[in-house]
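First up is the structure itself, then whatever we jot down about it.
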Amino acid sequence: MVQPQGAQPVAAEPTAAPPGGSPAPAPVLEVTGLHKSFTGVHALRDVDFAVRPGEVHALIGENGAGKSTLIKVMTGVYEPDEGEVRLRGEEAAFASPLAAQEAGISTIYQEVNLVPMMSVARNLFLGREPRRYGLIDSTRMKREARDILRDYGVHVNPARPLRSLGLGAQQMVAIARAVQIDARVVIMDEPTSSLEAREVETLFGVIRRLRAQGIAIVYVSHRLDELYQVCDRVTVMRDGAVVRVDDMSAVDRITLVSLMLGREIGDVRKHGATGFADAEHQVKGAPVVAAHDLQRRHQLDGVSVDIRPGEVVGLGGLLGSGRSETAKAIMGALPLDGGTVEIGGATTRRTVAASIRAGVVMLPEDRKLEGIVPSLSVRENIVLAALPRITRAGLVDRAKQDEIVDYFMKRLRIKASGPDQRVSELSGGNQQKVLLARCLCLDPKALLLDEPTRGIDVGAKAEVQGSSTSWPSRGSACCSSRRSWTSSSRAPTASSCSRTAAWSASSRATTSRRTRS
Amino acid sequence: DDNGGSSPTSGAAAGNSAAAQQVQSTGSSGTSCTYSTYGAEKVDLKNVTVGFSQSESTSNPFRATETQSITDEAKRLGIKLIQRNANANVQQQNTDIQDMIAQGAKVLIVAPENSDGLAPAFAQAKAKKIPILTIDRTVNGTACSDFIGFIGSDFAGQAKIAAQDMAKALPDGGNIAILQGTSGNNVAQARTDGFTKEIAASSPNLKVVASQTANFDQATGQKVMEQILQSNPDIKGVYAENDTMALGAIQAIKAAGKTPGKDIQVIGIDGTEDAVKDVAAGVMFSDVETNPRFGPLAFQALTDFYSDKGTPTNVIIADHHFTKDNAQQALDNGDVY
Amino acid sequence: MTDVAVRPTPAVLDRNRVITWLQDYGVYAAIVVLIAINTAIKPSFFSMDNFRVQAFQVVPVLIVALGMALVITTEGIDLSVGAVIALSSAVIPLYLGYGPWLSIVVALVAGCVSGLLAGLMVAVANVQPIIATLALMIGLRGFAVILNGASAKSVTDETIGALGLDSWFGIPQEVWIAVVLVLVVAFVVRRTAFGRRLTAIGDNRAASALAGLPVKRVLVAVYVISGLFAAIAGVFLVGHGGYADPSNYGLNYELSAITAVVVGGTPLTGGRIKVLGTVAGAVFMQLVAATLIQNNVKNSYSQMVEAVIIIGAVYAARGRSGR
Amino acid sequence: MSTLNPTSGPGGPTVPDAGVNVDVTGETRLERITGVAQQQGGLVSLVIVFVAACAFSDGFADWGNFQSILVGNAYTSLLALGMTFVILTGGIDLSVGSMFALGGVLAAWGSGHGGILVAVLLPLVVAALFGLLQGTLIAKARLAPFIVTLAGMLFARGLLQAISAEGTDTYLVPKGSPFLWLGDGTWRPILTAVVLFVLGGILLMRTRFGQALFAIGGSENAALLMGLPVARTKVLVYVLSATVAGAAGMLNASRLQSGVTNIGVGYELTAIAAVIIGGTLLTGGAGSILGTAAGVLLLAVIQNLIGVHLSQYGSSASDLANGLFLAVVVLIQTTLTRVRRLP
Ligand SMILES: Nc1ncnc2c1ncn2[C@@H]1O[C@H](COP(=O)(O)OP(=O)(O)OP(=O)(O)O)[C@@H](O)[C@H]1O
Ligand SMILES: Nc1ncnc2c1ncn2[C@@H]1O[C@H](COP(=O)(O)OP(=O)(O)OP(=O)(O)O)[C@@H](O)[C@H]1O
Ligand SMILES: O[C@@H]1[C@@H](O)[C@H](O)OC[C@H]1O
Ligand SMILES: [Mg+2]
Ligand SMILES: [Mg+2]
């Protein structure tokens, strides 16, 4: 168990107190009686929430609890059905994110919301470009971008298009951008979900500095240990309502989890977040997937990975070290300059469809760009890759489809108004679960998971791990590139879950190198 | 040398002397224009390049025959001809003309897309002392200064004949419909004005109840006519400003279960083969020709222009008028295109 | 802990519901309104004769729009449909000597080949659909006219004529065929894997590719279908007009078809398709044109009124706003 | 001032060197050149076609011919200029052809009824208002640009016909009107176009407005969440496009000395083609003014070649060649621009 740390009383920060202030300064941003419903879903019910200057305020809750919705209502993305938003005591109904930004609220939304096709520098400065004689000074912009990003551990030519960066690096750009804005309140919706331990440290440094300047920070994360490191206070949400507001140090982990899940503390303590037993799996037999000497200019330089039945292989490495590329290359989704991939001992055609037929499936890292098909329903998203299996003479076998969808929605506890809901309307974590279901329903021999627990809550994380462990035990192999439940070669991290040890025991790290290093 | 741009009959008709354009009038003033009054250098047509600018797609038999006639006549006279087609785009026609000048054309024959909009090309030609002969549609400007002169039909006159025919076809009067050519096209305009004026003046018992554009196109003509027949089931006559629209109207009338030539009288303009056949068969009441065989008259005019004799600046050609009495004969003689 | 949370929809008729209703049924309502207005002006508008006239005019557009809807669903667009109509009309008289059916088959094959070209350019060569099909649109028409020879050719064949003019049980043959096509397309879209893939690809191509969908194959197929449907429309037009005129047939059909698709509620951004909406969109636009011409509105005003009506219809049926 | 860097100032964490050395600034010259070629497939195609034409087409490499190509496309190229901005946002403007015609008619009318000021300003104002209406419907009422501007195309054409007796009254610019000066000669139109393209390039690359266009086209949602004035920018872009089209029509009226009513039909497609051949993505977010200029010239050169070599074979042969040429050019351009494909 990780010890709570960094949770200091707000009053201890002298900078945070307003002139002539009291121990608990007046909230800078406050909402009261907020209601918001979408067709079929009551996302926020009578929510009160307040954040004070100079505090880091954790906002937590299981997937679909309403955290992102609350943030979007506060920042003018959604209009509340009822209730009011107050900024420094004055009513403020922001008509748009622009208005919120102008009022001093800077937000990092859950999905990276930058422009993939534009350059890194332009993304960083969009709307606030340095100008000379009224025209954008792009030399200066690039120079400053390079300097700023270097401080965030991103060493990159700022003229490169953003989308050529890995998701983690993109996230760092988004953070840098949000912090550059002259804000009184900085809201971060799961900023660390795709960050490496080292970047998380960098981020915490930023957060502490902001706090020292008296800036209020709203911090959403499913990684409970992080909360104890930086947060001062916490608001817990469940099913669209606030269930507890307290000092961070006053609530211990188990309580937190039980509040989020709405279960008795004793229950949680006894069973953990879910009822999974540690899976015992044996590594046996010839590799299901054998990738040898994968080469791709600028990205992969002789990567070799073997995945045997029953084995969980972790791909370790830092941001942009090429883990995602390796997974994609194995999948046949990325053309290679050299190297071989064997699946089940045979080389397949290098297409995604062929890999899937051979029993290898992948959960992509970037769920927004490469994962969900936004306007299709949950049902259609789940069975998307399984269509060939549930189709007869071109017709979709509905009974089979419903059976699969039903099973996985229950199994992964996907929170939706029903299988017909558009997947884009689900909360981030639930979208991730849908994608996981898409992979699992293919009954794969090898599962390539690229950051599979991105943004999913404690309960679900255990589910995911449970599902994945149950696959190896059925003779499947599993390869993942996520840090918190497989060890990264250079930066092993403690997982939020007690099963990590078992995990790393059966995991084997493979290093991948980058060219040009 | 077949360009795929002419119907099989047009070649025959172009060479047929009875079908050739005949001059009806050469303008009241009788002014004539020579290279010296125009201010152009004297050239021998046989030694220079002549440029021909066609305005519209050769898919229209009128255009195909016109182009063919010019091409044939140039070949017959041994004159080097270059040509362009602007596909109904004025902007393009300006470019075409300027391109041909750049390519070395010393004399130009232009079938203008419209009266206006060719100013830059004409100005450039004038600056370079390159004379232009306009055919089939007029352009604004001064003859023998901005251009040599004009050869073509009297569009309003054609329409007047059509109106008189309509009066003959419907002696008891009745409701009639007009299928107009493309909006904004000056030929269409002249054919509308000429017709309505004549009806207003001499046939008060004819009433125009529907007047819609059908873009000089057959399928559109058919569609529009189908609609008109729904809203005006009592229509007695249709005046189509060209033959293709007339053919479309006939198809629509038949589909509505009526008999063209009996229940509804159709009159068209252009004198294309299909339409004249219909006149002969009594399906159409009459058809006024627009003779597209400009080659001989145009090159004659240019030859005269470079002689001391000079060429008249406004040549109106005598268009045939096909009725039940002469249609079959014209067809037999191969006079139609 | 909540399992799959199925919350009942509140049964209040709020603004959202009205908007949703309009979105789904707005076009149909607009059709009813137009018919009512016209019948009030002239009762004979509500007659079998008039119905047939409108049907003959709308069917070719509708069939083209069906194919277009499929293409648009994949986030594409097919500007070549008008030229394919020209091509199929050019082919008919060429092969009529071998009998009407053979000539029809050749015309349809020509449509498929053209669609194949478009599909390959889009799917394999990765050319942007609008420009790939623009090239086809220009080139094919030229080719069709060259095939045909300049002037229109009359087609007096009975079978083809019947397709374009005759009725079965008082309803034009064209309409029967169109109904079958609509049903087939609706079925394919709703029930088959192909339909599912189509929408997925249009909605998120990268995700579809990573889920192993046969992206290229689906794209090619969609353009082939669009070409085929346009060719069918070409055959009907030849039958109805009694002649083949590749230089003028199908002009602006791409715009009419796209308009029908969009007015029918299929977004141009892909990923969603409304088959019946497309039918309604085409019928609606046809009725607008009929209303204007039958009331002898001047061309200038017709265009302006049509513009306003299009905007009005799309406004009523517009998607929920992003906020 | 809260612009902060994590390492600056006391209390900041010491950021370890992330150890990721992906600094790819050290590109070789060759890589840089191929990079530019990839981004400017249209320009490269233009060079290829141009060189081939100079080598194999008699009379192509002639000063008079170049002038004719340039001047003939000077004003219509402006439609592509405006269209570039619109397409960059992921939109489209089908109304520019009609607007071009309407602008010309209004200018010609104005020159006869109020002098040069009216002639110049009337079309600009009407076009701007028209664009404002279209932009509002698109940005605020969230209607699809395609359908709004399709309606706009019909409406502007209808309006033009309504004020010109169904298109038959052509207003002439009075002889000797100072308005004629604007579009006179060969160089004035060409220079006007060049200046406007340069200004357009600056607007796009060196202003916040221009950057916002890329952002909106790249991801409208992200642009919104990043706090960009999305709606306002989108409205402005349609105002810009309409105004540029109206201005082009106005200048053209000065050159043609009249307000030709049936001009501009189908010009929107040529403009779109030029923009896309120039490398702008129809879905928005990537593109350049230089590319559009290359696209315009490429189409113009092709047109010129077809005119010289194929016109005598009839218009259908020209069409066929035109289509083939276009297909070949976009295939070349797309192959060069492979970099745009999503990984
Ligand atoms: N646009 C929408 N339309 C319909 N329902 C929505 C929409 N946005 C959110 N919801 C619903 O509102 C609820 C709350 O979602 P929200 O995104 O706020 O959850 P969250 O707490 O951020 O979850 P996560 O941890 O997974 O990100 C969910 O049930 C979700 O399905
Ligand atoms: N911090 C960084 N600095 C520079 N470039 C980076 C950085 N992070 C990622 N990139 C770029 O992103 C590209 C994608 O990398 P990839 O997605 O394979 O990385 P990864 O190992 O999966 O890491 P992650 O997904 O955590 O970012 C790499 O080619 C690299 O050039
Ligand atoms: O009738 C002819 C028309 O069809 C053509 O388009 O222009 C010239 C006219 O004489
Ligand atoms: Mg969330
Ligand atoms: Mg990665």
Side-chain angles (χ1 to χ4, degrees), chain B residues 2-10 56-65 67-68 87 177-178 180 182-184 208-233 243-244 247-248 250-252 254-257 272-274 277 337, chain C residues 38 41-42 44-45 47 49-54 56-58 60 85-86 89 138 141-154 161 164-166 172 237-238 240-253 286 289-300 302-303:
Chain B
D2 192 286
N3 58 13
S6 63
S7 64
T9 47
S10 64
E56 291 188 356
S57 160
T58 43
S59 61
N60 180 336
F62 177 92
R63 296 291 160 192
T65 312
T67 297
Q68 193 66 48
N87 280 316
I178 303 180
Q180 297 172 314
T182 318
S183 301
V208 180
V209 290
S211 184
Q212 288 281 315
T213 179
N215 293 331
F216 281 135
D217 170 46
Q218 181 164 343
T220 317
Q222 183 180 353
K223 270 190 175 182
V224 171
M225 196 60 209
E226 284 171 347
Q227 299 288 9
I228 292 178
L229 286 170
Q230 285 304 310
S231 54
N232 299 283
D243 280 348
T244 52
L247 295 175
I250 289 169
Q251 185 85 357
K254 284 183 184 159
T272 60
E273 193 181 4
D274 285 344
K277 276 183 187 158
Y337 63 96
Chain C
N38 273 294
I41 298 175
K42 198 163 225 151
S44 66
F45 191 89
S47 67
D49 267 352
N50 190 38
F51 164 73
R52 264 195 295 269
V53 164
Q54 307 312 331
F56 278 124
Q57 297 198 5
V58 80
I85 289 178
S89 81
I138 299 171
R141 191 172 289 277
F143 180 63
V145 176
I146 291 175
L147 267 189
N148 178 76
S151 45
K153 289 199 172 132
S154 79
L165 287 169
D166 292 355
L237 284 173
V238 172
H240 189 63
Y243 74 111
D245 180 8
S247 40
N248 291 305
Y249 268 12
L251 284 178
N252 291 327
Y253 263 60
Q286 174 63 30
T291 310
L292 293 167
I293 298 178
Q294 292 200 6
N295 289 293
N296 200 29
V297 177
K298 271 189 188 172
N299 194 33
S300 54
S302 276
Q303 295 184 72

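We name chains A, B, ... by the order of the sequence lines, and we start the count at 1 in each one. Side-chain atoms are counted along with the backbone in the values below, which use heavy atoms only and exclude waters and symmetry mates.
At a threshold of 4.5 Å between non-hydrogen side-chain atoms, the residues B:Q230 and C:K42 do not count as touching. In this structure the side chain of C:D245 reaches within 4.5 angstrom of the side chain of B:D217, judged on heavy atoms.
Proximity to chain B is limited to the side chain of C:Y243, based on heavy atoms less than 4.5 angstrom apart. Heavy atoms closer than 4.5 Å to chain B are found nowhere in C:F45, neither backbone nor side chain. With a 4.5 angstrom heavy-atom cutoff, C:L165 touches chain B only via side-chain atoms.
Residues B:T213 and C:N299 bring no donor and acceptor atom of their side chains to less than 3.5 Å of each other. Side-chain contact of B:Q227 with C:Q294: a donor-acceptor pair under 3.5 Å is present, judged by distance alone.
Among the candidates B:Q180, B:E226, B:K254, the residue making the largest number of heavy-atom pairs closer than 4.5 Å to chain C is B:E226. Of the residues considered (C:G241, C:S44, C:A290), C:G241 shows the highest number of contacts with chain B, using heavy-atom pairs under 4.5 Å.
No donor-acceptor pair under 3.5 Å is formed between the side chain of B:K223 and the backbone N or O of C:Q57. In this structure a side-chain-to-backbone donor-acceptor pair under 3.5 Å is present from C:N296 to B:V209.
With values rounded to the nearest 0.5 angstrom, C:Q303 atom CD is found 7.0 Å from B:S183 atom OG. Interatomic distance, OG of C:S154 versus CD of B:Q251, reported as 9.5 Å (0.5 Å rounding). Separating the OG atom in B:S231 from the CG atom in C:N38 is a distance of 10.0 Å, to the nearest 0.5 Å.
Around NZ of C:K298, the count of heavy atoms belonging to other residues, nucleotides or ligands within 6.0 Å does not exceed 12.
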